[in-house]
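See below for the structure under consideration.
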Amino acid sequence: MYSSPLKIVAILILSLLIFIPRIHAQHTPLDREIEVALRMIGHQVLLSSKDSTSRVLPIVKEDDRYKIQFETEFEFIPEALVATIDRVVKDTGLASSYIVEVQECGSGEVVYSFKMEEVAQSDIVPCQSRIQESACYNLLFTLLDRESENAIITIESKPANDSKATIKKYLSIGALVLMFSMVSFFLWNRMRNLPKDPNLIPLGEYQFDKRNTELLIEEQRIELTSKEADLLLLLYDSANTTVERDVILNLVWGDEGDYVGRTLDVFISKLRKKLEFDSKVKIVNIRGVGYKLVMDD
């Protein structure tokens with residue numbers, strides 16, 4: 001019914017809260033470098049099995065390890081697999097210590113695994129000559145020294161670009177916050193300077209539209225008869241002050257001559273019913289005197 005600028009501000013806040021975490025959730029340059037190196041491992045594994053056309057599927061990170069997935073089945077010789085992977089790892093500077101597990105897609109069973117460390121690399125490959133038959137395999141790659149200084153320095157080949165990316169990210173966040181602040185201030189200022197409708201009277205949680213003889217609360221419109229509106233306006237003008245019965249009858253009904261003693265009480269009862277949505281707005285009966293409109297702060 002009424003479009004409040006506060007609702008627009010609330011929507012902007014929600015949008016900002018949703019968007020900022022997405023900025024932080026983006027892959028860092030380090031993660032992208034790791035992904036490129038792992039995809040290169042996948043391609044070299046396929047090439048070593050004489051497959052130059054199949055694709056390496058997107059790399060999936062699972063906790064502290066990465067899963068390299070393939071489009072087609074392939075067979076592998078453990079000795080060749082170890083040599084291929086180690087060559088790519090050294091060329092890219094991905095890590096000096098790592099674990100590779102070959103997982104069968106369907107069962108999830110690890111059919112082969114090895115651990116590579118900077119020291120003692122000679123006895124790490126059991127059953128090197130046993131050829132693994134063609135099947136669907138995933139390579140599970142765990143970086144044991146991902147946080148080491150050497151790995152980070154090697155992988156981050158363009159630290160200046162990384163700094164620029166970080167600065168750009170925070171500049172984007174700053175621009176969003178600034179834009180949000182400007183829009184919020186504009187809407188607040190506009191709302192503050194909106195001309196007030198003289199026909200709308202604040203009445204607790206209600207607004208009393210004396211021109212259209214209606215009570216407005218939230219999304220509701222409660223119609224008043226002309227007499228109910230006149231009676232409510234009279235009580236409002238003397239809020240928190242008792243208005244005598246005779247005064248009310250004369251000012252609201254005048255010399256119409258069609259009212260009896262109970263008429264006022266009936267109209268008061270109707271008004272109370274229509275004001276029941278706000279317990280702080282009450283019409284109090286001052287016994288033997290008249291009525292008083294009470295509005296608690």
Side-chain angles (χ1 to χ4, degrees), residues 1-18 176-297:
M1 183 175 63
Y2 287 94
S3 176
S4 170
L6 292 177
K7 291 183 180 179
I8 301 175
V9 173
I11 292 172
L12 286 171
I13 292 174
L14 182 61
S15 300
L16 195 63
L17 291 175
I18 292 173
L176 282 172
V177 172
L178 179 61
M179 181 180 67
F180 164 74
S181 301
M182 291 174 64
V183 171
S184 299
F185 176 77
F186 169 77
L187 292 173
W188 173 81
N189 195 51
R190 181 179 176 184
M191 181 176 62
R192 185 169 62 94
N193 294 322
L194 280 176
K196 295 182 178 179
D197 187 342
N199 292 301
L200 290 178
I201 298 173
L203 200 66
E205 296 295 322
Y206 291 88
Q207 282 192 309
F208 174 28
D209 185 347
K210 62 181 183 179
R211 178 178 57 188
N212 296 312
T213 63
E214 291 178 329
L215 284 172
L216 312 175
I217 183 167
E218 295 180 354
E219 302 298 320
Q220 296 186 64
R221 288 179 176 268
I222 304 170
E223 294 183 1
L224 302 176
T225 66
S226 60
K227 292 301 182 189
E228 288 171 345
D230 291 342
L231 175 56
L232 183 57
L233 183 59
L234 174 61
L235 293 174
Y236 173 80
D237 289 338
S238 302
N240 299 313
T241 302
T242 303
V243 183
E244 297 178 359
R245 291 178 62 91
D246 290 342
V247 173
I248 296 174
L249 289 169
N250 287 328
L251 291 178
V252 176
W253 281 271
D255 56 359
E256 294 178 13
D258 59 350
Y259 59 86
V260 293
R262 293 287 300 167
T263 300
L264 176 56
D265 300 326
V266 171
F267 275 81
I268 290 293
S269 179
K270 290 180 179 179
L271 276 180
R272 283 174 174 162
K273 184 70 175 175
K274 294 179 179 180
L275 291 169
E276 66 182 0
F277 296 105
D278 186 355
S279 60
K280 294 182 180 180
V281 180
K282 304 173 184 176
I283 299 177
V284 179
N285 179 21
I286 308 301
R287 187 176 297 276
V289 182
Y291 291 95
K292 175 169 61 175
L293 178 65
V294 177
M295 294 185 293
D296 298 333
D297 294 333

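Worth saying up front: this structure is predicted, and the values here are computed from it rather than measured. This chain uses plain numbering: 1 for the first residue, then up along the sequence.
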For this session: Could you go through the salt bridge (Lys or Arg N to Asp or Glu O under 4.0 Å) check for Arg245 and Asp265 one step at a time?
Result: CA-CA 10 Å; Arg245 291 178 62 91; Asp265 300 326; 3.0 Å; yes
Problem set entry | Candidate pair Asp209 and Leu224, rule side chain to side chain contact (heavy atoms under 4.5 Å, CB included), full reasoning | CA-CA 10 Å; Asp209 185 347; Leu224 302 176; over 6 Å; no
Exercise. Given the rule in the side chain to side chain contact (heavy atoms under 4.5 Å, CB included) test, do Leu216 and Leu200 qualify, once you have shown the distances and angles that lead to the verdict?
Worked result: CA-CA 9 Å; Leu216 312 175; Leu200 290 178; 4.0 Å; yes
For this session: Under the side chain to side chain contact (heavy atoms under 4.5 Å, CB included) rule, what do Glu244 and Val289 come out as? Steps first, then yes or no, please.
Result: CA-CA 5 Å; Glu244 297 178 359; Val289 182; 4.2 Å; yes
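Atom-to-atom distance recorded for Thr241:OG1 and Leu235:CG is 10.5 Å, nearest 0.5 angstrom. In this structure, OH on Tyr206 lies 13.0 Å from CE on Met295, to the nearest 0.5 angstrom. Note: Ile217 CD1 to Glu276 CD = 10.0 Å, rounded to the nearest 0.5 Å.
Residues Glu228 and Thr213 fail the side-chain proximity criterion, which asks for heavy atoms closer than 4.5 Å. Counting only heavy atoms from C-beta outward, the side chains of Leu233 and Ile201 approach each other to under 4.5 Å. Side-chain contact check for Leu203 versus Leu293: some heavy-atom pair is nearer than 4.5 Å. Side-chain contact between Leu231 and Ile268: present, with at least one pair of heavy atoms (C-beta onward) separated by less than 4.5 Å. A 4.5 Å side-chain heavy-atom check between Ile222 and Glu214 finds every atom pair outside the cut-off. Side-chain contact between Phe277 and Glu205 is absent, with no heavy atoms from C-beta onward closer than 4.5 Å. At a threshold of 4.5 Å between non-hydrogen side-chain atoms, the residues Tyr291 and Val284 do not count as touching.
In terms of heavy atoms, Ser238 sits closest to Val243 at CB-CG2, 3.6 Å. Nearest heavy atom pair, residue Asn240 against residue Val294, reads OD1-CA, 3.4 Å. For the pair Leu215 and Lys274, the tightest heavy-atom approach, listed with the atom from each and the gap, is CD1-O, 3.9 Å.
Legend: residues meeting side-chain contact (heavy atoms from CB on, under 4.5 Å) with Arg287, ordered by chain and number and at least two apart, are absent. The salt bridge (charged side-chain N to carboxylate O under 4.0 Å, His left out) test applied to Lys282 returns no partner, not counting sequence neighbours. Shown here are the ring pair (Phe, Tyr, Trp, His ring centres under 6.0 Å) partners of Phe208, two or more places apart in sequence or in another chain: there are none.
Side chain of Arg272 to backbone of Ile283: a donor-acceptor contact under 3.5 angstrom is found.
Between Lys210 and Asp230, no side-chain nitrogen of the basic residue sits less than 4.0 Å from a carboxylate oxygen of the acidic one, so the salt-bridge criterion is not met.
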